Protein chains: 2
Amino acid sequence: MATDEAERLRAVGLKVTAPRKAVLAALDGHGHLDADTVFERVRGELPTTSLQAVYGVLAALTGAGLLRRIEPAGSPALYERRTGDNHHHLVCTKCHTVADVDCVVGQPPCLEPADAGGFTIHTAEVTFWGLCESCRSEPAA
Amino acid sequence: MATDEAERLRAVGLKVTAPRKAVLAALDGHGHLDADTVFERVRGELPTTSLQAVYGVLAALTGAGLLRRIEPAGSPALYERRTGDNHHHLVCTKCHTVADVDCVVGQPPCLEPADAGGFTIHTAEVTFWGLCESCRSEPAA
DNA sequence: CAAGTTGTTTTGAGTGAATCAAAACAACCG
DNA sequence: CGGTTGTTTTGATTCACTCAAAACAACTTG
């Protein structure tokens with residue numbers, strides 16, 4: 001549905017613009033994209049869009065809770081459509097591919113530290129590092 | 001002990017140099033420092049050291065297992081002396097202060113994902129986000 | 001302990017990712 | 001349809017980090 005994106009934008013009180021719809025569409029179904037890749041996809045159907053607009057849109061959508069932003073060490077920031085379901089990530093140490101994992105144990109936020117050291121915690125983020133299937137079967141670097 | 005650093009360098013097969021000893025010393029006791037802060041501290045007692053040397057040293061020591069490097073979203077890379085004990089981190093969403101927490105549940109690596117999705121996992125990294133004590137008592141931004 | 005080899009540090013330039021700012025523009029309200 | 005508010009474009013800039021070549025210092029060997 002083409003208006004699906006417009007709906008979601010309105011629902012969080014954001015103005016409906018072509019770049020915003022295009023960014024939402026670009027991230028649909030596909031897992032984890034960096035700003036540059038989103039930019040390329042958006043350009044495909046909306047060639048006047050600038051990279052800065054994409055950064056602005058990604059920031060707005062992340063702020064509004066429509067997107068989640070993750071920043072695995074060694075990769076540029078990645079954006080994904082799954083939000084609010086407290087899933088976590090697997091990152092390949094070789095090719096930096098990212099996959100989703102569902103919540104590791106129990107209820108969100110999944111974990112409580114033994115001692116919070118005076119902090120008021122609101123989020124727990126878990127990143128698993130390892131080799132993905134295709135990198136494991138390739139000759140070692 | 002001034003030779004303590006030299007010992008540790010030799011133990012992992014690295015040449016003993018003044019910048020390396022100074023970097024190890026700069027990180028002693030203090031929790032989590034970025035490259036620039038390490039650079040400033042090293043400069044204090046070894047004024048000819050360049051920032052690039054610090055980057056090189058940090059990379060060498062991290063590679064040798066003498067330091068651990070963490071990269072919380074929104075902060076430059078931080079280095080710490082605790083390694084191999086599988087502890088995790090608390091990061092303040094306001095001031096980006098980092099504190100240590102011990103392993104959350106059971107034995108290292110603390111967690112196993114429900115479904116590894118074909119990945120061969122070797123590390124689990126947990127980051128807790130929240131407000132530190134002093135940021136909580138300050139007026140909100 | 002002097003010379004050579006290897007690896008480190010300096011010096012200087014360059015990159016990628018992201019941010020900032022001002023002007024042109026478009027969405028939504030009435 | 002006109003005005004206000006917020007978005008996007010255009011262009012420059014920053015920050016953290018990396019690359020490369022030449023000068024230099026640590027450990028080894030004779």
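Bear in mind that the values here come from a model prediction, so they are computed numbers and not experimental data. The chains referred to below are lettered A, B, ... by the order of the sequence lines, with proteins before strands, and numbering in each begins at 1.
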For B:Gln52 and for B:Arg20, locate the closest nucleotide of DNA chain C by heavy-atom distance; then report the residue assigned to the nucleotide nearer the 5' terminus.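 The 5'-side residue here is B:Arg20.
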What's the separation between atom CZ in B:Arg81 and atom CG in B:Leu66, rounded to the nearest 0.5 Å?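 So the CZ of B:Arg81 and the CG of B:Leu66 are separated by 7.0 Å.
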Nucleotide C:dC29, atom C1' - distance to CG of A:Leu14 in whole Å: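 Roughly 17 Å, once rounded to whole Å.
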Indicate, with a heavy-atom threshold strictly under 4.0 Å, whether B:Ser50 touches base, sugar-phosphate, or nothing.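 Touches a base.
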Could you tell me whether A:Arg82 and A:Asp102 make a salt bridge, using a distance below 4.0 angstrom between a side-chain N and a carboxylate O?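 A:Asp102 and A:Arg82: salt-bridged.
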Less than 4.5 Å apart, any side-chain heavy atom of A:Val57 and any of A:Val38?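 No, too far: nothing below the 4.5 Å cut-off.
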Euclidean distance, A:Trp129 CH2 relative to A:Lys94 NZ, rounded to 0.5 Å: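 These two atoms lie 16.0 Å from each other.
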More 5' along DNA chain D: B:Leu51 or A:Thr48, using each one's nearest nucleotide?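 Result: A:Thr48.
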Gap separating the CG atom of B:Leu67 from the OH atom of B:Tyr79, nearest 0.5 angstrom: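 Rounded to the nearest 0.5 Å, the CG-OH separation comes out at 8.5 Å.
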Leading and trailing nucleotides of DNA chain D with any atom under 4.0 Å from heavy atoms of chain B: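 The protein-touched segment is D:dA16 to D:dC27.
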Considering only heavy atoms, which members of residues 55-83 of chain B lie under 4.0 Å from some atom of DNA chain C?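 Result for residues 55-83 of chain B: B:Val57, sorted by number.
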Heavy-atom side-chain proximity of B:Leu90 to B:Thr127 below 4.5 angstrom: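 Counting from C-beta outward, B:Leu90 and B:Thr127 never come under 4.5 Å.
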Round to the nearest Å and state the distance from A:Asp36 atom CG to C:dG16 atom C1'.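 Atom-to-atom, A:Asp36 to C:dG16, this comes out as 9 Å.
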Over the length of the helix from C:dC1-D:dG30 to C:dG30-D:dC1, how much do the five-pair end axes diverge, rounded to 10 degrees?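 For the helix from C:dC1-D:dG30 to C:dG30-D:dC1, the axes at opposite ends meet at about 30°.
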Please say yes or no: joined through hydrophobic side-chain contacts below 4.5 Å, possibly via intermediate residues, are A:Val101 and B:Phe128 part of one cluster?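 Result: yes, single cluster for both.
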Gap between atom CD1 of A:Ile121 and atom SG of B:Cys132 - 0.5 Å precision: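 CD1 of A:Ile121 is found 12.0 Å from SG of B:Cys132.
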